[in-house]
A.B. asks: 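After the structure tokens below, expect a handful of questions from me.
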Amino acid sequence: MASSNSSSGTDVPPVLPSIPLSAEPARAADQSIGALARDVTTHVSSLIRSEVELAKAEVSSEVRKGLQGSVFFVTALVIALFSLFFFFFAVAEALALVLSPPIAFAITFGIMLLIAGLAGLLGYLRVRKIRKPERTISSLKESAQVFSGLGGAEAPERNGQHAAGAR
């Protein structure tokens with residue numbers, strides 16, 4: 001390994017050039033503005049592509065973590081829903097200590113139906129508030145009109161050019 005010595009006699013490690021991420025073509029000293037602009041555009045495009053790839057990698061990693069975490073939430077929800085059966089059975093048994101068992105279970109059943117009806121009503125009221133995306137629909141209709149207008153405007157010119165060229 002080569003090492004250079006300074007005037008003081010101490011060993012100084014050689015200066016290493018930086019390592020580029022991609023091979024750079026040899027450049028002439030006098031480049032045109034067009035060539036420089038092309039180089040800038042190429043480098044900016046490469047930078048943007050690499051930033052997008054980095055963002056994809058980070059987002060996919062975070063989404064994967066979120067999905068793994070959601071498995072635990074779904075498991076907890078399923079266990080909680082199955083546990084409601086035991087809760088309502090306990091309520092019915094507690095009422096059975098005071099009332100006759102059939103009446104206690106009927107009251108518990110009525111409470112369960114009331115809670116289910118209330119949850120269904122709240123869900124219906126929430127879903128009823130959902131509106132169609134008016135701005136998106138109008139934007140798509142405008143875009144369709146623009147594109148259909150372009151296609152219709154270009155077709156007669158083409159036919160006219162072909163007819164004129166045939167004469």
Side-chain angles (χ1 to χ4, degrees), residues 13 16-25 34 36-163:
L16 297 175
S18 64
I19 301 172
L21 296 176
S22 63
E24 288 286 327
L36 292 173
R38 185 178 58 245
D39 287 347
V40 167
T41 313
T42 303
H43 289 303
V44 167
S45 175
S46 298
L47 177 65
I48 290 173
R49 276 195 299 271
S50 62
E51 289 292 333
V52 167
E53 288 299 320
L54 175 64
K56 282 181 186 178
E58 287 179 337
V59 167
S60 64
S61 171
E62 294 303 313
V63 166
R64 195 173 306 116
K65 288 178 190 175
L67 288 175
Q68 289 171 349
S70 67
V71 168
F72 292 109
F73 285 122
V74 169
T75 303
L77 180 64
V78 167
I79 291 172
L81 287 175
F82 283 127
S83 299
L84 284 177
F85 170 78
F86 295 104
F87 170 74
F88 284 117
F89 195 81
V91 168
E93 286 294 329
L95 286 174
L97 295 175
V98 179
L99 305 169
S100 68
I103 294 174
F105 279 90
I107 290 173
T108 304
F109 178 69
I111 292 171
M112 291 172 68
L113 285 181
L114 184 67
I115 291 171
L118 182 63
L121 177 66
L122 291 174
Y124 171 75
L125 292 175
R126 289 284 180 154
V127 169
R128 194 177 73 175
K129 290 181 180 179
I130 297 174
R131 302 285 180 231
K132 58 185 176 184
E134 296 291 339
R135 293 186 306 189
T136 303
I137 292 171
S138 67
S139 173
L140 288 174
K141 285 180 181 178
E142 289 174 9
S143 297
Q145 288 173 351
V146 167
F147 288 127
S148 66
L150 287 176
E154 289 179 4
E157 291 177 7
R158 289 182 183 157
N159 290 339
Q161 289 174 354
H162 288 296

A.B. asks: Side-chain donor-acceptor pairs under 3.5 Å in residues 73-87, sequence neighbours left out?
C.D. replies:
residue	atom	partner	partner atom	Å
Thr75	OG1	Val71	O	2.8
Ser83	OG	Ile79	O	2.7

A.B. asks: Run the ring-centre check on Phe88 versus Phe109 and record whether the distance is less than 6.0 Å.
C.D. replies: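 No; Phe109 has its ring centre 6.0 Å or more from that of Phe88.
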A.B. asks: Run the side-chain donor-acceptor check on residues 119-130: report pairs under 3.5 Å with partners two or more places apart or on a different chain.
C.D. replies:
none

A.B. asks: Taking salt bridge (charged side-chain N to carboxylate O under 4.0 Å, His left out) as the cut-off, I'd like each qualifying pair that reaches into residues 63-88, sequence neighbours left out, listed once.
C.D. replies: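 Every pair satisfying salt bridge (charged side-chain N to carboxylate O under 4.0 Å, His left out) with a residue in residues 63-88: Glu62-Lys65.
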A.B. asks: To the nearest 0.5 Å, what is the distance between OG1 on Thr108 and CG on Leu95?
C.D. replies: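 One finds 5.0 Å between OG1 of Thr108 and CG of Leu95.
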A.B. asks: Could you pull out the closest heavy-atom pair between Ala104 and Ala96, with the gap in Å?
C.D. replies: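 Between these two residues, the closest heavy atoms are CB-N, 3.4 Å.
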A.B. asks: Please assess Ser45 against Arg49 for the test side chain to side chain donor-acceptor pair (under 3.5 Å), listing each intermediate value before the final yes or no.
C.D. replies: CA-CA 6 Å; Ser45 175; Arg49 276 195 299 271; 2.7 Å; yes
